Amino acid sequence: MGQQKSISLLVVLSSPSGGGKTTICKALVSRHPDFKKSLTASTRKPRTGEVNGVDYLFFSEPEFFKRVRNQEFLEYENIHGYYYGTPKAEVEKLLNEGFSVLFDIDVNGALSIKKIFPRAILIFIRPPSLEELKKRLLNRKTDDTEEISKRLKRLPEEFAKADQFDYDIINDSLEETIEKIYQIISKHQQQEIHATHQSTQK
Ligand code: ADP
Ligand code: 5GP
């Protein structure tokens, strides 16, 4: 059983690869037990240290498309040559348990989630510079140079969609970024509590 909470938020973090989503999500979840990251599915191979069912649900393409045909995904996208999708059941489970849900998904997935849940809060995370982004991707040591250049090719499409997001944050100092996102979340929680209070007063 999950912890009960009256106001569940849906917070979507998107950024170019290496922008800091995974790191920020982990920090938010560890500091705020009322938040859980929605587990998503991918057809890419697990990186060293990644665990099936923890980091992703890793599927082969046939397994993934069986689930597409069964309409099991809220949204799915082809990103850097692999498929990624948000299973409906994962999100429903977290919301039913009273958690607020964090999504670490790409810009197109984020806009699809906003259509399904108009109250979802979309946060675009921007690296301080292209040079710094390349440095972080290299330091992460999870992708070879070919994979990194594939990821960088997607930057123009990602930056072009940032203006459709509710917030646009530069991830320079990690601690400051986490604090800014926490402040955004707190503001929305207060607004929803206020709106619920107003509607029960009528
Ligand atoms: P994403 O999930 O968006 O691909 P990650 O969270 O894996 O990005 O971050 C990419 C790399 O950059 C990781 O090695 C992470 O530790 C590092 N990183 C993230 N944010 C910062 C920051 N503000 N300053 C320095 N390094 C960072
Ligand atoms: P990575 O391979 O680096 O883990 O992720 C590549 C990209 O896929 C990231 O931008 C990540 O946010 C995105 N992603 C992960 N899961 C999903 C998902 O379910 N849907 C969509 N649209 N994007 C996802």
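Here the structure is a predicted model, which is why all the values come from computation and not from measurement. Atoms within a ligand are numbered from 1 in the order they appear, just like the ligands themselves.
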Out of [options], whose heavy atom is nearest to [atom]?
{"atom": "atom 3 (O) of ligand 1", "options": "Glu132, Arg47, Lys21", "answer": "Lys21"}
{"atom": "atom 8 (O) of ligand 1", "options": "Ser15, Ser14, Gly20", "answer": "Gly20"}
{"atom": "atom 26 (N) of ligand 1", "options": "Glu176, Glu175, Arg136", "answer": "Arg136"}
{"atom": "atom 14 (O) of ligand 1", "options": "Lys26, Lys135, Arg140", "answer": "Arg140"}

Salt-bridge contact [X]-[Y] (side-chain N to carboxylate O under 4.0 Å):
{"X": "Arg47", "Y": "Asp143", "result": "yes"}
{"X": "Glu175", "Y": "Arg31", "result": "yes"}
{"X": "Glu131", "Y": "Lys134", "result": "yes"}
{"X": "Arg44", "Y": "Glu50", "result": "yes"}
{"X": "Glu92", "Y": "Lys88", "result": "no"}

State, yes or no, whether a side-chain contact exists between [X] and [Y] at a heavy-atom distance under 4.5 Å.
{"X": "Asp166", "Y": "Ile184", "answer": "no"}
{"X": "Thr86", "Y": "Tyr76", "answer": "no"}
{"X": "Arg126", "Y": "Phe159", "answer": "yes"}

Can you tell me the protein heavy atom closest to [atom] and the distance?
{"atom": "atom 5 (P) of ligand 1", "answer": "Thr23 OG1, 3.6 Å"}
{"atom": "atom 10 (C) of ligand 1", "answer": "Gly18 O, 3.5 Å"}
{"atom": "atom 20 (N) of ligand 1", "answer": "Asn171 ND2, 3.1 Å"}

For this session: Using a strict cut-off of under 4.0 Å between a residue heavy atom and any atom of ligand 2, list the qualifying protein residues by chain and number.
Result: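 For ligand 2, the contacting residues are Lys21, Thr40, Arg44, Arg47, Tyr56, Glu75, Glu77, Ile79, His80, Tyr84, Gly85, Thr86, Asp104, Ile105, Asp106, Gly109, Arg151.
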Exercise. Numbering the atoms of ligand 1 from 1, which are under 4.0 Å from a heavy atom of Asp172?
Worked result: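 Once the distances to Asp172 are compared, the set is 22 (C), 23 (N), 24 (N).
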Exercise. What atoms in ligand 1 come closer than 4.0 Å to a heavy atom of Ser17?
Worked result: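 That gives atoms 4 (O) of ligand 1.
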Problem set entry | Counterpart residues, side-chain contact (heavy atoms from CB on, under 4.5 Å), relative to Ser199 (two or more places apart) |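 Result, side-chain contact (heavy atoms from CB on, under 4.5 Å) vs Ser199: none returned.
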Problem set entry | Sub-3.5 Å N/O-N/O distance, Asp104 and ligand 1 |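 No, Asp104 has no N/O under 3.5 Å of an N/O on ligand 1.
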Exercise. For Thr22 and ligand 1, does the shortest N/O to N/O distance drop below 3.5 Å?
Worked result: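 The answer is yes, given that Thr22 and ligand 1 share an N or O pair closer than 3.5 Å.
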For this session: Return yes if some donor-acceptor pair links the side-chain N/O of Thr43 with the main-chain N/O of Tyr83 below 3.5 Å, else return no.
Result: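 Such a contact is found between Thr43 side chain and Tyr83 backbone.
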Exercise. Less than 6.0 Å separating the ring centroids of Phe99 and His32?
Worked result: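 Distance test on ring centres: not under 6.0 Å, no.
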Problem set entry | Mutual orientation of the aromatic rings belonging to Tyr84 and His80 [parallel < 30°, tilted 30-60°, perpendicular > 60°] |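 Rings of Tyr84 and His80: perpendicular, over 60°.
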For this session: Please state whether Thr177 comes within less than 4.0 angstrom of ligand 1, counting heavy atoms only.
Result: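 The answer is no: ligand 1 sits nowhere under 4.0 Å from a heavy atom of Thr177.
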